[in-house]
2 protein chains.
Amino acid sequence: MKISGGVEWGLHCCVVLSGATEPVPAAKLAEFHDVSPSYLAKQLQLLSRAGLVRSAQGHSGGYVLTRSAAEITVLDVVEAIDGAESAFRCTEVRRRGPMAAPPERCTTPCPIARVMAAADHAWRESLRAVTIGDLTADVVGTTPPETLDRALAWLRA
Amino acid sequence: MKISGGVEWGLHCCVVLSGATEPVPAAKLAEFHDVSPSYLAKQLQLLSRAGLVRSAQGHSGGYVLTRSAAEITVLDVVEAIDGAESAFRCTEVRRRGPMAAPPERCTTPCPIARVMAAADHAWRESLRAVTIGDLTADVVGTTPPETLDRALAWLRA
DNA sequence: GACTTCCTACTCGGATACTGGCTGTCCGAGTTCTGAGGG
DNA sequence: CCCTCAGAACTCGGACAGCCAGTATCCGAGTAGGAAGTC
């Protein structure tokens with residue numbers, strides 16, 4: 001099991017966007033994080049489709065958050081990029097083979113699927129409890145103000 | 001993000017093994033679940049390497065649980081087959097690019113990595129709370145005794 | 001000087017190749033049971 | 001009747017191809033800003 005690497009990029013981009021006041025182009029975000037511009041563009045498109053960011057075309061265009069960073073959870077970003085379906089998919093093994101369970105016995109989900117679904121739920125709830133605003137506050141609280149100003153100035157330039 | 005399909009097979013096999021009294025060959029487990037024998041053998045090898053099952057070779061050999069089903073957690077099986085490392089891997093994006101954080105500022109993990117690690121921990125704890133014995137008890141409690149007997153007899157034959 | 005027009009440059013968006021890991025398969029090494037043969 | 005031994009069948013274990021999702025990339029469509037020209 002491996003989560004898409006684009007999730008990390010998307011989260012970093014959201015944190016950066018939460019501090020910016022003007023639209024930030026994808027190319028600038030890519031250079032800021034030193035990652036592939038083309039591939040990062042794909043992740044930003046996913047964020048755009050999910051309605052987390054809005055894109056502005058043309059000169060001085062770029063990406064902006066559609067709502068306050070405190071209103072965007074980490075889970076929103078993860079699901080936008082990595083998909084919302086559970087990592088575990090029950091293939092209904094119990095209905096196969098010589099001892100296949102009859103359909104009338106399968107009204108409730110397989111116990112295994114239930115356990116995996118519960119774990120998946122716990123994972124998602126944990127991610128839902130944290131917002132991009134929380135992440136930004138953490139970064140702001142542990143970084144010298146002059147460094148933050150330099151970064152914002154670099155983004156503007 | 002997608003979990004290996006072998007995890008589901010491994011869990012089903014552990015439940016079956018918890019009810020068997022004699023070693024069960026991989027081929028029989030595969031036929032019981034109607035899955036590829038060769039591929040299931042691979043998953044059973046992983047369980048064997050993790051020390052969850054013990055293999056017996058030769059005539060009337062097969063696999064047996066090494067300890068009581070109540071002593072084997074679902075997490076044990078998942079980690080044996082899917083690996084124990086976290087699904088999220090921090091690539092230390094903050095240390096790259098023109099605004100790279102200096103090493104002395106990276107004594108604590110990146111906030112993003114911390115959030116993902118916490119979610120991963122919640123997921124694992126949820127899986128650790130359930131044992132194979134719990135799963136077996138669920139199956140036994142919701143299946144007619146005669147069906148259970150037929151299944152055990154089929155395994156023996 | 002102000003307005004209109006056009007043009008350029010910049011932006012995103014979707015369509016297109018490539019790669020690593022999961023999926024699926026195979027054959028060889030080792031062990032246990034069985035049966036025959038001899039004492 | 002018991003023991004020994006050889007054979008055969010069955011088991012696991014690791015090594016070998018195939019396929020799909022994720023990775024990485026590119027070029028075209030569309031738009032905002034700016035400069036030039038005109039009134």
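Note on naming: letters A, B, ... go to the chains in the order of the sequence lines (proteins, then strands), and numbering restarts at 1 for each one.
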query = Can A:Lys42 be said to sit on top of A:Trp9's aromatic six-ring, NZ or CZ under 6.0 Å from centre and within 45° of the ring axis?
reply = no
query = Touch check for B:Ser38, heavy atoms < 4.0 angstrom, all strands: base, sugar-phosphate only, or nothing?
reply = base
remark   = Atom NZ of A:Lys28 and atom C1' of C:dC12 are separated, to the nearest Å, by 17 Å
inquiry  = Quick check: on DNA chain D, is the nucleotide nearest B:Met1 upstream (toward 5') of the one nearest B:Gly61, or the reverse? Name the residue that is more 5'.
reply    = B:Gly61
Given D:dG33, C:dC33, D:dT25, the nucleotide with the shortest approach to the side chain of B:His59 = C:dC33
task = Flag the pair A:Arg67 and A:Asp76 as a salt bridge only when some basic side-chain nitrogen lies within less than 4.0 angstrom of an acidic carboxylate oxygen.
result = yes
Whole-Å distance separating the NZ atom of B:Lys42 from the P atom of C:dT23 = 11 Å
ask   = Taking the side chain of A:Gln57 as heavy atoms from C-beta outward, which of D:dG33, D:dC12, C:dC12 is closest to it?
value = C:dC12
task = Output, in order, the C-alpha distance, side-chain angles, deciding distance and verdict of side-chain hydrogen bond (donor to acceptor under 3.5 Å, both in side chains) for B:Glu22 and B:Ser60.
result = CA-CA 9 Å; B:Glu22 310 165 11; B:Ser60 75; over 6 Å; no
query = Separation of A:Leu40 atom CG from C:dG13 atom C1', in whole Å?
reply = 14 Å
request  = With heavy atoms under 4.0 Å as the rule, sort A:Ala26 into base, sugar-phosphate or nothing.
outcome  = sugar-phosphate
key: Rounded distance in Å - CZ (B:Arg54) to P (D:dT11)   = 19 Å
ask   = What's the closest nucleotide to the A:Arg49 side chain, out of C:dG13, C:dG14, D:dG33?
value = C:dG14
request  = Verify the contact: side-chain N or O of A:Ser48 to OP1 or OP2 of C:dG13, cut-off strictly under 4.0 Å; return yes or no.
outcome  = yes
Interatomic distance where OH belongs to A:Tyr39 and C1' belongs to D:dC27 [whole Å] = 19 Å
message = Need to verify one output field. Residue with the more 5' nearest nucleotide on DNA chain C, A:Gly58 or B:Asp82?
response = A:Gly58
message = Can you see if the side chain of A:Ser60 gets near the phosphate of D:dG33 - specifically, an N or O under 4.0 Å from OP1 or OP2?
response = yes
ask   = Which of the following nucleotides, D:dT25, C:dC12, C:dT32, is nearest to the side chain of A:Ser36?
value = D:dT25
message = Do the side chains of A:Lys2 and B:Glu85 get close enough for a salt bridge, i.e. N-O under 4.0 angstrom?
response = no
message = Taking 4.0 Å as the cut-off, does a side-chain nitrogen or oxygen of B:Ser55 come that near to OP1 or OP2 on D:dG13?
response = yes
query = Starting at NZ of A:Lys2 and ending at C1' of C:dG20, how long is that distance when rounded to a whole Å?
reply = 9 Å
Basic-acidic side-chain contact under 4.0 Å: B:Lys28, B:Glu31 = no
query = Between D:dA21 atom C1' and A:Gln43 atom CD, what is the distance in whole Å?
reply = 13 Å
message = For D:dG14, does the base pair up with any side-chain atom of B:Gln45 as donor and acceptor (N or O, under 3.5 Å, distance only)?
response = yes
inquiry  = Distance check needed: C:dC10 C1' versus A:Tyr63 OH, whole Å only.
reply    = 13 Å
